[in-house]
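Let me begin by presenting the structure, written as structure tokens, before commenting on it.
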Amino acid sequence: MAYTISFSIYKGGTGKTTSAVHTAAALTDLGQRVLLVDLDQQASSTRYVGINPDEANPSFYHVFQNQVPASVIRKRTAFGFDIIPSSSLMAAIEEILEPGEERLLRAILQPLQEEYDYILIDTPPGKAGLAFNGIVAADMLLVPASAERMSIDGVSDLVNHVQDIFWHKFREELKHQEIRVLFTMYKASTTHSPGVVEAARRIYRENVLPIYIPETIEFSRSFDKRTPLTRLAPKHPGAQAYRQVAQWIIDHAPATT
Ligand SMILES: Nc1ncnc2c1ncn2[C@@H]1O[C@H](COP(=O)(O)OP(=O)(O)O)[C@@H](O)[C@H]1O
Ligand SMILES: [Mg+2]
């Protein structure tokens, strides 16, 4: 059975996509079988791995419409992991998802569980149906927070909403769900980033990952090159940090066989 991790926070631009893609690449490099699921209509993870989101037909839209199974639209990336690519039609899914339909993705991914060690979900920003589907499908929420921009409010918004709403509504499914905070865009050279992390540690304690992703322009460059930094510059501290995240996941959130 795969262990499913959703990169979730309602705030945009804190590193969900960058973290999902790099964690997928790094887990793969460590020998794990990985599926990346792109739920965002912006299709940033899909583009990151060099896939054109407008090409797929049938697409993720048809999977949500129950017309084809997810295995039909799944693709192998050049980086050794598989992806369920997003498509611009995901906007239509967002439109028609009703309250009470937060379990659809969970059901969609169920038949693929045996084929992977880890299923990673990149979610869209905002409090809406697809983001909720990502949350309800996950064994663990990894919440990317920017250590440079004030994102503690974004973390508590997500954590409170999940605990108050989803942990009650889906008590059975989510009774073992874990939440961890992953700091991104960390600048060790200023006092600001360490201060933000310290403030978060006072609230979330050991649920803040002891690994901080450094702030570096190399991540934007890697997106422009459609290649994860772990492949582009494996020795770069940014690549090493995501390798540590992958190792942390293997140690703390083992896939069950
Ligand atoms: N550690 C980092 N250092 C510097 N820039 C980063 C870092 N992580 C992500 N970025 C950049 O910040 C922007 C937003 O990141 P992204 O992963 O797309 O966030 P989200 O998916 O949460 O919207 C992108 O331009 C990305 O290249
Ligand atoms: Mg994104």
Side-chain angles (χ1 to χ4, degrees), residues 5-26 36-51 53 60 79 83-88 90-91 94 120-128 130-135 138 141-155 157-159 180-190 192-194 196-197 200 208-246:
I5 300 174
S6 181
F7 293 82
S8 295
I9 187 165
Y10 300 133
K11 198 174 158 80
T14 70
K16 288 183 286 297
T17 296
T18 305
S19 298
V21 168
H22 284 85
T23 305
L36 177 62
V37 178
D38 188 357
L39 276 187
D40 191 348
Q41 56 179 282
Q42 301 291 325
S44 306
S45 318
T46 301
R47 290 179 220 278
Y48 216 127
V49 299
I51 292 173
F60 211 173
F79 313 108
I83 185 167
I84 296 183
S86 179
S87 99
S88 40
M90 293 303 274
E94 193 68 90
L120 307 181
I121 306 173
D122 182 19
T123 62
K127 277 195 177 93
L130 284 169
F132 298 161
N133 265 267
I135 289 167
L141 305 180
L142 211 44
V143 183
S146 162
E148 268 307 291
R149 279 175 278 154
M150 192 52 212
S151 52
I152 302 260
D153 291 348
V155 174
D157 181 39
L158 184 279
V159 171
R180 296 289 183 277
V181 180
L182 172 64
F183 274 103
T184 64
M185 306 178 194
Y186 187 90
K187 269 194 205 166
S189 58
T190 65
H192 184 71
S193 280
V196 169
V197 172
V208 176
L209 249 69
I211 304 150
Y212 313 136
I213 310 302
E215 151 116 283
T216 165
I217 190 73
E218 292 305 314
F219 284 116
S220 312
R221 261 192 71 224
S222 114
F223 179 75
D224 292 342
K225 299 208 163 186
R226 302 294 191 254
T227 307
L229 199 53
T230 44
R231 179 66 63 92
L232 208 56
K235 296 207 173 109
H236 190 281
Q240 286 177 2
Y242 277 113
R243 238 177 347 260
Q244 287 176 10
V245 170

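Ligands are counted one by one from 1 in listed order, and the atoms in each one are counted from 1 as well. All heavy atoms count here, side chains included; hydrogens, waters and symmetry mates do not. Treat the numbers as computed from the prediction; the structure is a model and nothing was measured.
Taking 4.0 Å as the cut-off between side-chain N and carboxylate O, D153 and K11 do not count as a salt-bridged pair.
Take R221 and apply the salt bridge (charged side-chain N to carboxylate O under 4.0 Å, His left out) test, not counting sequence neighbours, and it matches E218. Listed by chain and number, the residues in a salt bridge (charged side-chain N to carboxylate O under 4.0 Å, His left out) with E215 are K187 (sequence neighbours excluded). Residues passing the side-chain hydrogen bond (donor to acceptor under 3.5 Å, both in side chains) test with R47, sequence neighbours excluded: none.
Remark: ligand 1 and K16 share an N or O pair separated by less than 3.5 Å (distance only, no angle test). Between K11 and ligand 1, a contact under 3.5 Å exists for no N or O pair.
Residues Y242 and S19 bring a donor and an acceptor atom of their side chains to less than 3.5 Å of each other. For the residue pair E148/S193, the side-chain donor-acceptor check at 3.5 Å is satisfied.
Residue contact check: P214 has heavy atoms under 4.0 Å from atoms 1 (N), 2 (C), 3 (N) of ligand 1. Using a 4.0 Å cut-off to heavy atoms of S220, the atoms of ligand 1 that qualify are 27 (O). Set against the non-hydrogen atoms of I213, the atoms of ligand 1 under 4.0 Å away are 1 (N).
The backbone N or O of P234 lies less than 3.5 Å from no partner atom in the side chain of Q240, so there is not a single donor-acceptor pair. Side-chain atoms of T227 come within 3.5 Å of backbone N or O of K225 as a donor-acceptor pair.
Looking only at side-chain heavy atoms (C-beta outward), P125 and Y10 stay at 4.5 Å or farther from each other. Two residues are said to be in side-chain contact when any heavy atoms from C-beta on lie closer than 4.5 Å; D40 and T123 fail this criterion. Here the side chains of P85 and D38 are not in contact, with every heavy-atom distance at 4.5 Å or above.
Atom 7 (C) of ligand 1 lies below 4.0 Å from at least one non-hydrogen atom of the protein. Distances from atom 4 (C) of ligand 1 to the protein include at least one heavy-atom value under 4.0 Å.
Here the shortest heavy-atom distance to atom 19 (O) of ligand 1, taken over S44, G154, G12, G15, belongs to G15.
Under 4.0 Å from ligand 1, not a single heavy atom of P144 appears. Looking at T216 against ligand 1, only its backbone comes within 4.0 Å, counting heavy atoms.
Annotation: atom 11 (C) of ligand 1 to nearest protein heavy atom, M185 CE, 4.3 Å. Here the heavy atom of the protein found nearest to atom 16 (P) of ligand 1 is T18 OG1, 3.7 Å. Ranking the protein heavy atoms by distance from atom 23 (O) of ligand 1 puts G13 N, 2.8 Å first. T17 CB, 3.9 Å is the protein heavy atom nearest to atom 18 (O) of ligand 1.
Heavy-atom separations between S222 and ligand 1 are all 4.0 Å or longer. For the pair F219 and ligand 1, a heavy-atom separation below 4.0 Å is found.
Within the 6.0 Å centre-distance limit, the rings of Y48 and H22 are counted as a close aromatic pair.
When all heavy atoms of L209 and R180 are compared, the closest pair comes out as CD1-CB, 3.6 Å. Between P144 and T184, the shortest heavy-atom distance links the atoms CB-CG2, 4.2 Å.
With a cut-off of 2.8 Å, the protein N/O/S atoms near the Mg ion (ligand 2) add up to 1.
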